[in-house]
Amino acid sequence: MSERTASRIVLDNQRYWEALAPHRKGEPVESVRSGSVLNENERAAVGDVRGRRVLQLACSVGDEALTFAQMGADVTAVDLAPSHLATGRAKAEALGLVVDFREQDMMKLDQDVTGFDLVFISWGGLCWAPDIDAWARLIAKRINPGGSLVISEHHPLWEVLTVAGDGHLSVSGDYFGSGRDGYADPLKAPEITRTLGVPDLPHRSFVWSIGSVVSAVLAAGMTVRSLQEFAEADMYPGLGDADACIPATYLLTAVR
Ligand SMILES: C[S@@+](CC[C@H](N)C(=O)[O-])C[C@H]1O[C@@H](n2cnc3c(N)ncnc32)[C@H](O)[C@@H]1O
């Protein structure tokens, strides 16, 4: 994809997200205080972040970034939506924590957004990168030698499977197709659209297959240390016990 096309998509996506962002508040600050924002697998993947420089991409309202700060990290967090960042800053103030929240496109980070021991992206963040190879190349350059990239995401198979009543699945997207305008299955859209409705604005997200993510990370010169896939009980509502037999999320750890 050309840089120009990617920039146009990002601009559309920024308008879309900013229409949703004032209404998205994330977790209550108590959840950050109690440390319940990251799950057990994510905690194991990021390890001890005390004194380390952490970058969170597509940080939204900053709950995970604030959790890293609470764990003792020096945190920078970037997002496209100014209202999300404003909510993050207000939460930081309420918690007495410091996070450098920056309005940035994760495809074009400022030169000084660099030198990180850990880069983290999660839960509906990576699908907004219009070009997975360009994204991985840029991010790898911003990680210190020996530092890590942790991706904790919706599984691309989950992105394209829809529960079609009485415990059956139908294919509602293209695992290999990557770009999609809108969502055939409203359950795959940002959660806030279920209460707020979908803003009448163009937006484009991407289904990055497991193969495309691993290949992009390897081509960027990183070493994949682990790739775990998980079933999640509440992510295929209506499927019944079979939801334990298919992946809903994945967690990839790579080292530069
Ligand atoms: C579903 S949220 C991320 C979820 C976050 N991990 C959480 O749990 O709240 C997606 C975020 O990606 C941001 N975003 C979309 N495209 C982006 C881009 N190119 N650069 C930075 N942030 C982006 C949106 O503004 C939105 O806040």
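These figures come from a predicted structure and were not determined experimentally. Order of listing sets the numbers, starting from 1, for every ligand and every atom in it.
Of all protein heavy atoms, the one lying nearest to atom 10 (C) of ligand 1 is Gly124 O, 3.3 Å. The protein heavy atom nearest to atom 20 (N) of ligand 1 is Met106 N, 2.9 Å. When only non-hydrogen protein atoms are considered, atom 4 (C) of ligand 1 lies nearest to Trp123 O, 3.1 Å. With respect to atom 18 (C) of ligand 1, the closest heavy atom belonging to the protein is Leu80 CG, 3.4 Å. If you check which protein heavy atom lies closest to atom 15 (C) of ligand 1, you get Trp128 CB, 3.4 Å. For atom 3 (C) of ligand 1, the nearest non-hydrogen atom of the protein is Ala58 O, 3.5 Å. When hydrogens are left out, the protein atom nearest atom 6 (N) of ligand 1 is Ser122 OG, 2.9 Å; that is the closest non-hydrogen contact.
Other residues, nucleotides and ligands place more than 12 heavy atoms under 6.0 Å from the CD atom of Glu103. Atom CD of Gln228 sits in a crowded spot, with more than 12 heavy atoms from other residues, nucleotides or ligands closer than 6.0 Å. For Glu229, the CD atom is densely surrounded, since the number of other residues' heavy atoms within 6.0 Å is greater than 12. By the neighbour-count criterion of 12 heavy atoms within 6.0 Å, atom CG of Asp200 is sparsely surrounded, having that number or fewer from other residues, nucleotides or ligands.
Ring geometry, Phe68 versus Phe120: the interplanar angle exceeds 60°, so the pair is classed perpendicular (tilted spans 30 to 60°).
With rounding to the nearest 0.5 Å, the separation of CD1 in Ile121 from CH2 in Trp128 is 12.0 Å. If you take OG on Ser83 and NZ on Lys25, they are separated by 7.5 Å, rounding to the nearest 0.5 Å.
For His84, the closest heavy-atom approach to ligand 1 falls below 4.0 Å. Assignment of Glu18 to the shell around ligand 1 is not supported, since no heavy atom sits closer than 4.0 Å.
Residue contact check: Gln104 has heavy atoms under 4.0 Å from atoms 20 (N), 21 (C) of ligand 1. With ligand atoms numbered from 1 in the order given, ligand 1 contributes 18 (C), 19 (N), 20 (N) to contacts under 4.0 Å with heavy atoms of Asp105. The distance from ligand 1 to the heavy atoms of Ala81 drops below 4.0 Å at these ligand atoms: 25 (O). Within ligand 1, the atoms closer than 4.0 Å to a non-hydrogen atom of Arg24 are 9 (O), numbered from 1 in the order shown.
Annotation: side-chain hydrogen bond (donor to acceptor under 3.5 Å, both in side chains) contacts of Asp241 (sequence neighbours excluded): none. Considering only residues two or more places apart in sequence or on other chains, Glu159 meets the salt bridge (Lys or Arg N to Asp or Glu O under 4.0 Å) condition with Arg180.
For Asp12 and Arg204, the salt-bridge test fails: no basic side-chain N is under 4.0 Å from an acidic carboxylate O.
Polar contact with ligand 1: present for Asp79 (N/O pair, distance under 3.5 Å). In terms of polar-atom proximity, Val10 is not counted as a contact of ligand 1, lacking any N or O under 3.5 Å from an N or O of the ligand.
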